[in-house]
Chemist: 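The structure that follows is given in the form of structure tokens.
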Protein chains: 2
Amino acid sequence: MNEQAYLKTYDPKAFASPIFSVDGLLFTYHQKQLKVLLVERSNHPDKGKWGLPGGFVDLDVDDNLEDTVVRKLREKTGVRPPYIEQLSTIGNRSRDKRGWSVTVCYTALVAHQDCETHVDSVSDARWVELDKLADLKLAFDHREIIEAGREALKQRALDSIVPAYTLPDKFTLSELQHVHEVLLGKPIQKTSFRRRMSRLEEAGLLIDTGKFTAGPRRPAVLYTLSPSAVDHIFVRNLEL
Amino acid sequence: MNEQAYLKTYDPKAFASPIFSVDGLLFTYHQKQLKVLLVERSNHPDKGKWGLPGGFVDLDVDDNLEDTVVRKLREKTGVRPPYIEQLSTIGNRSRDKRGWSVTVCYTALVAHQDCETHVDSVSDARWVELDKLADLKLAFDHREIIEAGREALKQRALDSIVPAYTLPDKFTLSELQHVHEVLLGKPIQKTSFRRRMSRLEEAGLLIDTGKFTAGPRRPAVLYTLSPSAVDHIFVRNLEL
DNA sequence: CTAATAGTGTCTATTAGACATTATGTG
DNA sequence: CACATAATGTCTAATAGACACTATTAG
């Protein structure tokens, strides 16, 4: 049999395969807190519990896995998050009561203000502070996935500027430092942090917008990210 | 309907889902070269081309995704590789002629001597030098996957001792340095490398076996890895 | 002027790079 | 002893931590 004939007779349902889904772990920073977007499940299994936005690939609509997670996140936020990165894939026979299941998890970051009104309008979606997850009933293994995503983002805080995507397009260095501090769970030396940021600026990865904050104190320079800033990894990590 | 009733009537084949497979990217170091284990495909699609060892989850046998990749790698090598790590998951509508497909890729490392006879006995499996991949017809998107795995392993060479798992249980620092140099594609200062290794030894992560190499030159100390060495990440990377 | 936050200067500690030097086996 | 490779010593450069200091706004 040649390949063409084989493909014609190929039946994708001939063998049992795992239940396959994609989940999005969307973080933001608001009111000095890190928050994660959760959705109250309206269907079995784990109906009524809170879970990550996600679902099945639509083979007719999605060209790839990222399309799926973007589609699901857009449903709840109205926007395509500016930062999306694959976190990990979990597959085993026990995580889902329906049977052997697999989920590909993506971490995404978005500015709170960019989706505030849309999230408020979606009745089953809600931002939850990471520190208050303990009080919530979570579906499947989503508590562990959130913890793993937070851990990965913590590493990003040590060696990159990626957490900046939890902030609005224009942000101050003090705000960004605080995001990093919340992720690391400890203060960072202002000097160290700013030295790193100046090097990014020299490299053209962080851009001084020329604008300033206003208020009853010294105005702070508003910076914005260059698109290539996402790829920059510092040769030396901040220390823990 | 309660959850029990729902689960009873749940049909996993009700919706079309992607073709789902797991692939293993197994590297080793032999004759001063990095090599990857490839398998000549005996079935459509891409019959006759070379691909990564992998296949479908056996829902009855495998408890999780790692079980699947270990089972597939064991078929070709006879052993469970001492280092296994998830690389990434690729899913789109174009990578497989049969249709929308997903593969979860794992990077694994093994000592060449630990599976040499078994690999030789498997007629369709073969170690291929990374530098000679250009000559080979590769199935699906496996060339890109190998490149991505090599890139990830390069990062490991910059910030960890993980590449040591491509070597036998007992190895010299010179051998290990050369593995790292091959991965980085450039020489490393011996002083820098050995300083890092002494710190690992002080931390109990690298163990002096008390044995030595023999030969017409100064004998070298043989070291072995502590099981926890795999988790150690240096705070500062080697530079490129 | 005061309060509050933004931003800088400077010293130390750690660790990588560069390169020379010494050590220890076999034949 | 000669050779080859293993292992060490030492200086410089880069960058993080600590902490004190200066700058700039609103009111």
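What you are looking at is a predicted structure, and each value in this text was computed from that prediction instead of being measured.
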Chemist: In whole Å, what is the span from the CG atom of A:L238 to the C1' atom of D:dG17?
Modeler: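 Checked: the CG to C1' distance equals 10 Å.
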Chemist: Describe the nucleic acid contact of A:S192 in one word from base, sugar-phosphate, nothing, applying a heavy-atom distance below 4.0 Å.
Modeler: base
Chemist: Using a heavy-atom cut-off of 4.0 Å to chain B, what are the terminal contacting nucleotides of DNA chain C, in 5' to 3' order?
Modeler: C:dT15 to C:dT26
Chemist: Using whole Å, what does the distance between atom P of nucleotide D:dC21 and atom CZ of A:R194 come to?
Modeler: 19 Å
Chemist: Would you sort out whether B:T89 and A:T89 count as a side-chain hydrogen bond (donor to acceptor under 3.5 Å, both in side chains), showing the intermediate values?
Modeler: CA-CA 7 Å; B:T89 300; A:T89 300; 2.5 Å; yes
Chemist: Hey, can you tell me if A:H180 and A:F193 have their rings parallel, tilted or perpendicular (30° and 60° cut-offs)?
Modeler: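 Perpendicular.
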Chemist: Where the side chain of A:T103 meets the backbone of A:I90, is there a donor-acceptor pair that is under 3.5 Å apart?
Modeler: no
Chemist: Quick one: the side chain of A:R195 and the base of D:dT15, do they pair up donor-acceptor inside 3.5 Å?
Modeler: no
Chemist: Once you round it to whole Å, what is the distance between P of D:dT5 and CD of B:Q177?
Modeler: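 Rounded to whole Å, this separation is 14 Å.
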Chemist: What's the CD-P distance between A:Q189 and D:dA20, to the nearest Å?
Modeler: 10 Å
Chemist: Could you give the distance from NZ (A:K186) to CG (A:L240), rounded to the nearest 0.5 Å?
Modeler: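 With rounding to 0.5 Å, NZ (A:K186) is 6.0 Å from CG (A:L240).
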Chemist: Would you kindly give the NE2-to-P distance between A:H180 and D:dA16, to the nearest whole Å?
Modeler: 13 Å
Chemist: Taking the nucleotide of DNA chain C with the nearest heavy atom to each, does B:K190 or B:K186 sit closer to the 5' end?
Modeler: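 The 5'-side residue here is B:K186.
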Chemist: Return the value, rounded to whole Å, for the distance between atom CE of B:M197 and atom C1' of D:dA6.
Modeler: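 Between C1' of D:dA6 and CE of B:M197: 16 Å.
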Chemist: In terms of side-chain heavy atoms, does A:S174 have a donor or acceptor partner in A:T172 at a distance below 3.5 Å?
Modeler: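 Absent: no donor and acceptor within the cut-off.
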Chemist: For B:Y29, run the side chain to side chain donor-acceptor pair (under 3.5 Å) check against B:K35, B:H112, B:H178, B:E175 and tell me which one passes.
Modeler: B:H178
